[in-house]
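Below is one structure; the comments refer to it alone.
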2 protein chains.
Amino acid sequence: MRHSHQRNTILEAVRAKPVHPTAYQVFESVKEQIPNISLATVYRDLGQLADNGIINTIKKGNVVRYDGNTMIHQHFYCEECGSLFDQELFDEKFVFQLKTKIVHEIENFDLMLTGTCIKCKNNGDKLKC
Amino acid sequence: MRHSHQRNTILEAVRAKPVHPTAYQVFESVKEQIPNISLATVYRDLGQLADNGIINTIKKGNVVRYDGNTMIHQHFYCEECGSLFDQELFDEKFVFQLKTKIVHEIENFDLMLTGTCIKCKNNGDKLKC
DNA sequence: TAATAAATAGGAATCATTCCTGTTTATAAA
DNA sequence: TTTATAAACAGGAATGATTCCTATTTATTA
Ligand SMILES: [Mn+2]
Ligand SMILES: [Mn+2]
Ligand SMILES: [Zn+2]
Ligand SMILES: [Zn+2]
């Protein structure tokens with residue numbers, strides 16, 4: 001990968017966002033610094049960054065979300081409000097040991113929990129009263 | 001849900017397929033029995049079946065795949081050949097206990113392993129010689 | 001300074017999925 | 001059995017996230 005101002009700015013944007021932005025959200029964010037950035041460039045660079053393991057992709061719903069945190073961690077998605085939280089359930093050691101139990105060569109371990117987040121659950125309970 | 005010949009046939013098709021068909025593959029399969037079935041009907045019915053927990057959805061790549069096996073199990077996806085295998089890593093008891101450790105209300109536990117399957121790995125090693 | 005290939009902007013194309021509309025059908029009440 | 005009603009349907013149009021294309025710009029190296 002050659003040095004590129006656009007790609008650097010895109011990477012910074014993903015890392016700066018607290019929670020898992022979409023390509024379009026990165027595009028909007030980067031536009032503030034590079035007004036004529038192309039959406040195609042954002043997709044291309046995000047793809048390259050993901051291919052090189054510099055960022056991660058998260059698939060849930062109909063849009064891909066990106067994660068600047070490449071430490072091993074998991075995610076919880078609330079079906080009610082669409083929030084996507086980090087979860088620390090399995091650490092690197094656990095995942096490493098798990099890989100040895102499988103005949104295939106594992107590169108990624110992606111766990112997605114779904115359900116109702118604590119906030120939405122409380123709101124729901126209130127409405128039932 | 002009202003009784004429906006189309007939906008029954010769609011469910012049978014998903015259950016009959018050994019491995020995780022896409023909506024279009026279900027469509028093609030069901031067309032043999034109901035030649036004028038609509039693709040929109042397949043999508044609608046698959047959605048209803050999934051909403052009611054009768055089948056599961058698996059997201060990997062740019063197409064949704066469906067799973068007639070609703071027992072708790074996990075999946076491995078080969079990046080080389082696109083195969084999607086079942087994996088039995090965590091059983092119902094494990095998942096149940098895990099749910100109690102999380103503040104949110106968990107409905108689904110979806111684990112997707114990715115990498116290179118044993119067959120592709122062997123082929124790759126051969127080529128290197 | 002020149003050559004070269006990677007990277008880019010902008011827009012078109014793709015394609016899985018959803019939406020829409022007029023028609024058919026399952027179900028239950030009259 | 002007939003009728004009323006809403007669910008389900010077929011067929012086709014629309015949507016929208018993502019990818020592809022092409023002429024131009026730019027980073028890198030010799
Ligand atoms: Mn994360
Ligand atoms: Mn399965
Ligand atoms: Zn929520
Ligand atoms: Zn393979």
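This is a predicted model, so every value here is computed, not measured.
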Looking at residues at least two apart in the chain, or sitting in another chain, which of them share a side chain to side chain contact (heavy atoms under 4.5 Å, CB included) with A:Lys93? A:Asp91, A:Gln97
Residue list, side chain to side chain contact (heavy atoms under 4.5 Å, CB included) with B:Asn36, at least two apart or on another chain: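 Side chain to side chain contact (heavy atoms under 4.5 Å, CB included) check on B:Asn36 returns B:Ile34.
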Reported [atom1]-to-[atom2] distance for the pair [X] and [Y], which is rounded to 0.5 angstrom:
{"X": "A:Arg65", "Y": "A:Ile58", "atom1": "CZ", "atom2": "CD1", "answer": "7.0 Å"}
{"X": "A:Thr9", "Y": "A:Ile37", "atom1": "OG1", "atom2": "CD1", "answer": "7.0 Å"}
{"X": "A:Cys117", "Y": "B:Ile102", "atom1": "SG", "atom2": "CD1", "answer": "13.0 Å"}

Quick one: side chains of residues 23-33 of chain A, donor-acceptor pairs under 3.5 Å with protein atoms, not counting sequence neighbours, listed by atom name and distance.
from	atom 1	to	atom 2	distance (Å)
A:Gln25	OE1	A:Thr22	N	2.9

Step through the shown structure and confirm whether more than 12 heavy atoms of other residues, nucleotides or ligands are within 6.0 Å of CZ on B:Phe94. yes
Would you find more than 12 non-hydrogen atoms of other residues, nucleotides or ligands less than 6.0 Å from A:Lys99 atom NZ?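 Yes, NZ of A:Lys99 has more than 12 neighbouring heavy atoms, counting only those of other groups under 6.0 Å.
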According to a 4.5 Å side-chain heavy-atom criterion applied to Ile, Leu, Val, Met, Phe, Trp and Tyr, with indirect links allowed, do A:Met1 and A:Ile10 form part of one hydrophobic cluster? yes
End-to-end bend of the helix from C:dT1-D:dA30 to C:dA30-D:dT1 (five-pair axes, 10° rounding)? 30°
With nearest nucleotide decided by heavy atoms, which residue, B:Ala23 or B:Met1, maps closer to the 5′ end of DNA chain C?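 Of the two residues, B:Ala23 wins.
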Under 3.5 Å, side-chain donor or acceptor atoms of residues 42-57 of chain A against the rest of the protein: list the pairs with distances, not counting sequence neighbours.
from	atom 1	to	atom 2	distance (Å)
A:Arg44	NH2	A:Thr41	OG1	3.3
A:Gln48	OE1	A:Arg7	NE	2.9
A:Gln48	OE1	A:Arg7	NH2	2.9

Pairs of donor and acceptor atoms involving the side chains of residues 71-86 of chain A, under 3.5 Å and at least two apart or interchain, shall be tabulated with distances.
from	atom 1	to	atom 2	distance (Å)
A:His73	ND1	A:Met71	O	2.7
A:His73	NE2	A:Asp67	OD2	3.0
A:His73	NE2	A:His75	NE2	3.2
A:His73	NE2	A:Asp86	OD1	3.2
A:Gln74	OE1	A:Leu89	N	3.0
A:Gln74	OE1	A:Phe90	N	3.0
A:Gln74	NE2	A:Phe90	O	3.3
A:His75	NE2	A:His20	NE2	3.1
A:His75	NE2	A:Asp67	OD2	3.0
A:His75	NE2	A:Asp86	OD1	3.1
A:Asp86	OD1	A:His20	NE2	3.1

Under 4.0 Å, heavy atom to any atom of DNA chain C: which of residues 2-16 of chain B qualify? B:Arg2, B:His3
Between A:Gln87 and B:His104, is any pair of side-chain heavy atoms under 4.5 Å apart?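 A:Gln87 reaches B:His104 side chain to side chain.
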N/O donor-acceptor pair under 3.5 Å between A:Lys59 side chain and B:Lys60 backbone: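 No, because the side chain of A:Lys59 does not come within donor-acceptor range (under 3.5 Å) of the backbone of B:Lys60.
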Atom pairs and distances, donor-acceptor, side-chain atoms in residues 107-115 of chain B, under 3.5 Å, two or more places apart:
none

For B:His5, enumerate each residue passing the side-chain hydrogen bond (donor to acceptor under 3.5 Å, both in side chains) test, keeping only those at least two apart in sequence or located in another chain.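 Expected list: none.
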Residues from residues 32-40 of chain B lying under 4.0 Å of DNA chain D - heavy atoms: B:Asn36, B:Ile37, B:Ser38, B:Ala40
Among residues 42-64 of chain A, which residues get a heavy atom nearer than 4.0 Å to DNA chain D?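 The stretch gives A:Tyr43, A:Asn62, A:Val63, A:Val64 as the residues lying under 4.0 Å from the strand, ordered by number.
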Of all nucleotides in DNA chain C with an atom under 4.0 Å from a non-hydrogen atom of chain B, which is the first and which the last going 5' to 3'?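 Nucleotide range in contact with chain B: C:dA16 to C:dT27.
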